[in-house]
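Every value quoted in this text rests on a predicted model; they were computed, and no experiment measured them. In what follows, every chain begins at residue 1, and chains take the letters A, B, ... in the order their sequences are listed. All values below come from the heavy atoms of this structure, side chains included, with hydrogens, waters and symmetry mates left out.
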There are 2 protein chains.
Amino acid sequence: MFLSTSHNKIDLKCRVSIPASFRMNLEKLKEPLILFKSLQFPCIEGTTLKRMQRYINAIDELDALSDDAFLLRMMMADSFEIKLDINGRVVIPDILMSFASLNNKAVFMGIGESFYIWSPSEYENQYNKSQKILYEKGPPKLILKKNE
Amino acid sequence: MFLSTSHNKIDLKCRVSIPASFRMNLEKLKEPLILFKSLQFPCIEGTTLKRMQRYINAIDELDALSDDAFLLRMMMADSFEIKLDINGRVVIPDILMSFASLNNKAVFMGIGESFYIWSPSEYENQYNKSQKILYEKGPPKLILKKNE
DNA sequence: TTAAATCCCATGCTATCCCATAATATTAAT
DNA sequence: ATTAATATTATGGGATAGCATGGGATTTAA
């Protein structure tokens, strides 16, 4: 699982260290890493190849001409299978750098099955927004299921 | 799996490099490459012979005299099994060049099980369209199934 | 025999790999 | 508890291999 938040530097070659705990999770799952444009936020989403496969399978289940199928295909087009170097770093593709307004700092935010990579300023915006919602509407109501 | 987007040059002999990651996918699957006219867009679709077989099988499931069957057969007629040269390039048949309004630049767009080849301007149209839909209707709602 | 398609070699560029070092966290020892 | 020793993680930069592309040689077809 991807949990916790950390701030890492992006160098001139657009390289950045994936937090060690995230790396260990990928290694444990023996899964390659996929990076793609988030459909909800101006940030990059990271996940496993296996999970991406589920999106792809979902496309064939949909009406091929529908908006949803169209958007999912566009999502695939902006997805990249990324190899880590020996030090646990990745190179962030240009397309994703500019989409997420990244330049020299990245905020890694684990959210369970996947994680986000934010620019520090966008992250702050998002964080403030969440605090505001929490203050105005109170905490979310959750029904937890047992593990299978 | 075909993922990511890249821009390659088409030379005077109508040759173009298939992106290395797409090539590796074909090699891993030990599958020949098929190029054909997309049924939905003014672009070329590329996929494996195996997946093309599934389209062919699908025809038999249809009413043989229906419009759908007719369209699918026309699609097959403009399908080509393409060999890669030693550097990973293919020659795009004239029929497909003009169908997709290609001349000296090609945009390769991976969409999972297959990929598209667009002219840069058509690709841009398509991308803008997706951003508009995303903005107006929000992200696709998906319930993901577990992988088998 | 000429034109066109295919194959193969050459080159510049860029992304990837690998080593070195700096920073941080963890353990051990006094 | 404080300091020292060690391991782990993060970052910088140079060497290298692989990719995209141009062009010429060889084969195939008309």
| message | With a 3.5 Å distance limit and no angle check, can you tell me whether A:Asp78 reaches the backbone of A:Phe36 through a side-chain donor-acceptor pair? | response | no

| request: Using the six-membered ring wherever Trp is involved, compare the ring planes of A:Phe115 and A:Phe22 and label them parallel, tilted or perpendicular (cut-offs 30° and 60°). | output: tilted

| task | To the nearest Å, give me how far apart CD1 (A:Ile86) and C1' (D:dT11) are. | result | 15 Å

| message | Output the rounded distance in Å from CG (A:Leu84) to C1' (D:dT11). | response | 16 Å

| request: Can you spot which of B:Arg15, B:Lys105, B:Met97 makes a side-chain contact (heavy atoms from CB on, under 4.5 Å) with B:Ile10? | output: B:Met97

| field | Separation of B:Lys137 NZ from A:Asp67 CG (nearest 0.5 Å) | value | 4.0 Å

| request: Name every residue in residues 7-31 of chain B that has at least one heavy atom under 4.0 Å from any atom of DNA chain D, in order of residue number, or write none if there are no such residues. | output: B:Asn8, B:Lys9, B:Asp11, B:Lys13, B:Arg15, B:Ser17, B:Ile18, B:Pro19, B:Ala20, B:Arg23

| Heavy-atom contacts under 4.0 Å between residues 87-115 of chain A and DNA chain C, which residues? | A:Asn87, A:Arg89

| said: Would you compute the distance between atom CD of A:Glu113 and atom NZ of A:Lys50 and round it to the nearest 0.5 angstrom? | reply: 10.5 Å

| said: I'd like to know if the side chain of A:Glu45 reaches the main chain of A:Ser38, judged simply by a donor and an acceptor atom lying under 3.5 Å from each other, with no hydrogens or angles considered. | reply: no

| said: Closer than 3.5 angstrom, by distance alone: can the side chain of B:Asn8 be matched with the main-chain N or O of B:Ser17 as a donor-acceptor pair? | reply: yes

| Length of the NZ-P vector between B:Lys83 and C:dA5, whole Å | 15 Å

| Euclidean distance, A:Gln40 CD relative to A:Gln126 CD, rounded to 0.5 Å | 9.5 Å

